[in-house]
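Have a look at the structure below before the remarks.
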Amino acid sequence: MKYEFSEIESKWQKKWQEEKTYACKNGDKRPKYYALVEFPYPSGQGLHVGHARPYTAMDVVARKKRMDGYNVLFPIGYDAFGLPTENYAIKNHIHPAKVTHDNIQNFRKQLQMLGYSFDWDREINTTDPEYYRWTQWIFLQLWKKGLAYKTTMPVNWCTSCKCVLANEEVVEGVCERCGAPVIRREKSQWMLKITAYAQRLIDDLDGLDFIERVKIQQKNWIGRSTGAEVDFKTTEGDILTVFTTRPDTLFGATYMVIAPEHAYVKKWAGKLTNSDEVSAYVTEAARKSDFERTELAADKEKTGVELKGVRAVNPVNGKEIPIFISDYVLSTYGTGAIMAVPAHDTRDWAFAKKFGLPIVEVVKGGDVEKEAFTLKDDTGIMVNSGFLNGLTVRQAIPAITQWLIEQGIGHEKVNFKLRDWVFSRQRYWGEPIPMVYCEKCGWVPLPEDQLPLLLPNVDSYEVTDTGESPLSKITSWVNTTCPHCGGPARRETDTMPQWAGSSWYFLRYMDPHNHQALASKEAMDYWSPVDWYNGGMEHTTLHLLYSRFWHKVLYDIGVVPTKEPYQRRTSHGMILGEGGEKMSKSRGNVVNPNDIVAQYGADTMRLYIMFIGDFEKAAPWSSKAVKGCKRFLDRVWNLADLCTDEMGYSHANESNIHKTIRKVADDIEAMKFNTAIAALMTLVNDFYQNGCSKGDLGTLLLLLSPFAPHIVEELWQRLGYSGKGMACQQPWPTYDESKTVSAEVKMVVQVGGKLKGSIIVPVDSEEETVVSAALAEPKVAAMLQTMQVVKTIVVKNKLVNVVMKPKA
RNA sequence: GCCGGUGUGGCGGAAUUGGCAGACGCACCGCACUCAAAAUGCGGCGGAGCAAUCCGUGCCGGUUCGAGUCCGGCCACCGGCACCA
């Protein structure tokens with residue numbers, strides 16, 4: 001009897017489809033478990049082995065949880081709005097909806113080919129008007145809460161996509177998606193006020209089971225820092241406010257710097273004696289792309305111009321100090337102005353050295369002529385600082401802050417690096433923003449009963465030269481009436497970014513066919529929160545942060561029952577090409593899951609992708625190693641012919657079976673899928689060694705079923721177990737703790753920590769018994785001719801270490 | 001520069017919480033089966049040595065009866081942030 005994987009796999013996949021084996025029910029009495037994977041973008045290339053790793057992992061988890069007795073929600077859908085589809089549509093003159101539809105067909109087929117236990121009745125698609133109706137609805141709620149606003153500001157403009165990007169989408173000055181340079185451009189944009197949630201996005205991480213690196217990366221991205229705002233009087237009689245995290249160094253502030261974009265540059269323009277030089281610098285700074293700025297930042301070469309004719313006054317000592325403009329000060333952070341303390345800040349130090357400005361040491365502990373002394377702890381003592389002298393930095397910060405408050409010129413202040421989310425995209429294939437502009441009433445939201453605002457058909461999806469969305473050309477759609485006053489008005493023509501639909505999709509799965517709400521209250525109460533969400537690290541500061549933000553807003557307006565959407569977040573490593581480099585079309589090292597399934601079957605594919613290595617780390621694909629997994633399944637298959645008819649456990653394997661039941665369960669929970677499979681392989685090797693009964697094999701099949709469900713169902717049926725139902729519907733085997741240990745144990749004998757041999761003793765033997773057995777061990781006994789025992793260390797059931805010294 | 005992570009055989013990787021380094025798999029070698037090969041089964045497989053033994057988890061030092069694991073100091077690579085005051 002041969003293992004015909006291809007027939008077996010289609011047989012069971014068909015049965016699962018027909019019987020809806022993996023459908024789950026809202027409100028079921030069993031405890032719920034919500035396992036989530038990041039839904040794919042249905043690209044034309046189809047499913048990639050990079051998808052198979054996290055999807056298989058969570059499928060294993062979902063299948064295991066069902067066997068543990070949970071009502072498991074394990075859904076899938078498609079994040080289908082986005083640029084590649086639109087670009088493909090433009091090139092081939094096919095409607096993006098058609099492209100999307102075809103790609104989804106292909107993805108669905110591939111996902112089913114791998115035997116994933118998704119509940120296919122809950123499949124969603126972000127481009128479906130019944131779906132994006134609620135994406136638009138959420139936007140309206142954000143508007144009502146004052147969290148959506150339109151403003152003109154310099155934005156990141158991708159020169160190739162001809163589209164605005166969020167800060168999160170710009171990587172090293174280039175577009176994250178296409179790699180083209182990003183320039184800054186003034187544009188009127190919809191913005192979402194994620195900054196209003198900055199503190200809560202940090203604080204609420206505490207109660208979550210996110211892997212630590214995700215928490216840290218999110219915290220760094222949000223970038224909270226505590227300091228003070230300080231007002232400096234100027235010779236113009238106005239006030240220049242700065243933000244500093246080092247108010248303790250105020251006595252060392254020998255000059256000030258403001259960003260080239262700072263409003264005061266214009267305000268003081270008339271007073272400046274070097275206005276030509278200043279405006280030249282401002283123009284030059286504005287001209288620089290983000291890429292050039294980033295490049296220059298790398299070598300830290302400082303540039304700047306003094307604003308001659310205007311000076312500021314240091315409030316602690318009354319000294320007049322110069323004011324510079326320089327692009328090392330960012331207009332978007334703090335107040336866009338700083339007090340420069342060259343002795344204790346490396347950037348200010350470099351600038352001061354270049355421009356010959358005074359460096360005044362106010363914290364003793366370094367050599368400020370050589371480099372800035374920046375430690376912010378108790379290492380340094382305040383000097384040259386009047387009433388602060390003698391204090392440590394940590395003591396000086398509250399002291400000076402108190403003084404600033406008393407003087408009425410400053411206060412404590414918290415700042416974040418996080419900026420508001422640029423939400424407009426000048427493209428066709430996205431959710432229309434349901435807003436209307438009326439000359440009389442301003443921006444007016446579409447009434448909720450007019451949702452969904454359908455994406456109109458256009459003749460051409462080409463981007464316009466002016467950088468406006470293709471929608472702007474459809475005048476019949478753009479021109480409308482104001483929902484407020486009934487007068488003529490224009491629709492917003494920008495669409496939402498791809499992150500919109502994915503910010504709430506996990507809620508729709510809970511109740512995907514609801515026409516009254518994004519999901520019913522009952523459904524959300526039952527399923528919330530997602531118990532385990534696995535996804536890529538690349539989404540940590542984008543999707544994961546955005547969806548936490550939206551969820552908190554929905555929580556605040558009473559729509560969702562929990563503060564946080566996801567209880568546990570884990571992340572998988574990348575699958576690399578055979579040589580260890582990234583898989584890419586250009587390198588020609590892409591592995592297509594279809595080929596692996598055709599050659600070895602879905603079960604081998606699943607098993608290998610889980611066995612390949614540590615789930616959290618990158619792992620190179622090996623076409624040779626795949627065979628090892630196929631060989632293992634062949635060995636399992638052949639056991640059906642070798643096993644005895646006995647229904648219980650055969651004695652020789654019993655303790656190993658109990659141990660393996662525990663190990664596989666523990667390893668799945670800890671994402672150690674590779675060692676879970678190794679344990680199953682060991683057990684199979686034992687079966688070959690010691691023989692196995694039908695009962696042994698039945699248990700092995702149940703343990704294997706989350707990983708290789710098709711072969712398991714087939715063997716389960718052939719062994720005659722089908723009266724109990726399918727293997728995937730069985731409870732997880734139980735183990736007996738007492739049977740995981742054998743009656744006797746091998747203990748290691750060491751002398752001075754070096755391995756000398758081993759002894760077999762009954763479990764939990766007394767120390768004296770163990771020690772005398774150890775001393776009788778031949779090698780140890782031989783050593784005792786010339787040595788004497790100093791002491792012995794016994795680790796229960798593990799080892800004996802005898803410490804010796806030469807006989808006197 | 002800052003934050004996080006990782007360094008273990010020819011390769012992918014194991015090793016509760018300081019207790020037999022190299023589980024499991026790949027590759028390779030040997031044996032059985034075969035006319036032969038493949039497949040399969042069984043065995044071997046860190047290095048040096050005939051052996052007893054010695055050496056071995058990126059490098060240098062330390063703590064400990066005992067260190068891949070803990071501490072101090074380096075090096076290399078990967079990921080994130082990057083003039084955030």
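Chain A is the first sequence line, chain B the second, and so forth, proteins listed ahead of strands; every chain is numbered from 1. Only heavy atoms go into these numbers, but all of them, side chains included; no hydrogens, no water, no symmetry mates.
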Touch class at under 4.0 angstrom, heavy-atom based, for Lys417(A) against every strand present: base
Between C1' of U53(B) and CE of Met783(A), the distance in whole Å: 12 Å
All salt bridge (Lys or Arg N to Asp or Glu O under 4.0 Å) counterparts of Lys370(A), not counting sequence neighbours: Asp367(A)
Integer angstrom distance from the C1' of U57(B) to that of U40(B): 36 Å
C3(B) OP1/OP2 closer than 4.0 Å to side-chain N/O of Gln218(A): no
Asn685(A) side-chain N/O to G25(B) phosphate OP1/OP2 under 4.0 Å: yes
Sugar-phosphate only, base, or nothing, as touched by Ile216(A) at under 4.0 Å among non-hydrogen atoms: sugar-phosphate
Quiz item: Lys302(A) side-chain donor-acceptor pair to C83(B) base, under 3.5 Å: yes
Short side-chain N/O contact from Arg631(A) to OP1 or OP2 of A27(B), under 4.0 Å: yes
Strand contacts (RNA chain B) in residues 249-256 of chain A, 4.0 angstrom heavy-atom criterion: none
Under-4.0 Å side-chain N/O to phosphate OP1/OP2 contact, Arg635(A) with G41(B): yes
More than 12 heavy atoms of other groups within 6.0 Å of Lys582(A) NZ: no
Cation-pi geometry met for Lys302(A) and Phe351(A) (6.0 Å, 45°): no
Test of ring centre spacing under 6.0 Å for Phe611(A) and Phe632(A): no
Sugar-phosphate only, base, or nothing, as touched by Asn415(A) at under 4.0 Å among non-hydrogen atoms: nothing
Distance, C1' atom - from C71(B) to G18(B), rounded to whole angstrom: 13 Å
Touch class at under 4.0 angstrom, heavy-atom based, for Lys215(A) against every strand present: nothing
Where the chi angle of G46(B) falls, syn if within 90° of 0 and anti if not: anti
Spatial distance of atom CD1 (Ile359(A)) from atom OG1 (Thr254(A)) [nearest 0.5 Å]: 7.5 Å
Any donor-acceptor N/O pair under 3.5 Å between G19(B) base and Gln750(A) side chain: yes
Plane angle bin for Phe373(A) and His344(A) - parallel if under 30°, tilted between 30 and 60°, otherwise perpendicular: perpendicular
Touch class at under 4.0 angstrom, heavy-atom based, for Asn674(A) against every strand present: sugar-phosphate
Pairing annotation in dot-bracket form, given for RNA chain B with Watson-Crick or G-U pairs under 3.5 Å and | for cross-strand partners: (((((((..(((......[....))).(((((.......))))).(((....)))..(((((..]....))))))))))))....
Touch class at under 4.0 angstrom, heavy-atom based, for Val748(A) against every strand present: base
Backbone of Gly536(A) reached by a side-chain donor or acceptor of Glu38(A) within 3.5 Å: yes
Donor-acceptor under 3.5 Å (Asn589(A) side chain, Ser584(A) main chain): yes
Sugar-phosphate, base or nothing in reach of Gly752(A), heavy atoms under 4.0 Å: sugar-phosphate
Pair of N/O donor and acceptor under 3.5 Å linking C20(B) base with Lys798(A) side chain: no
Nearest to side-chain heavy atoms of Phe611(A), which nucleotide of A27(B), A85(B), G25(B): G25(B)
Pair Phe355(A) and Tyr255(A), ring centroids less than 6.0 Å apart: no
Sugar-phosphate, base or nothing in reach of Tyr688(A), heavy atoms under 4.0 Å: sugar-phosphate
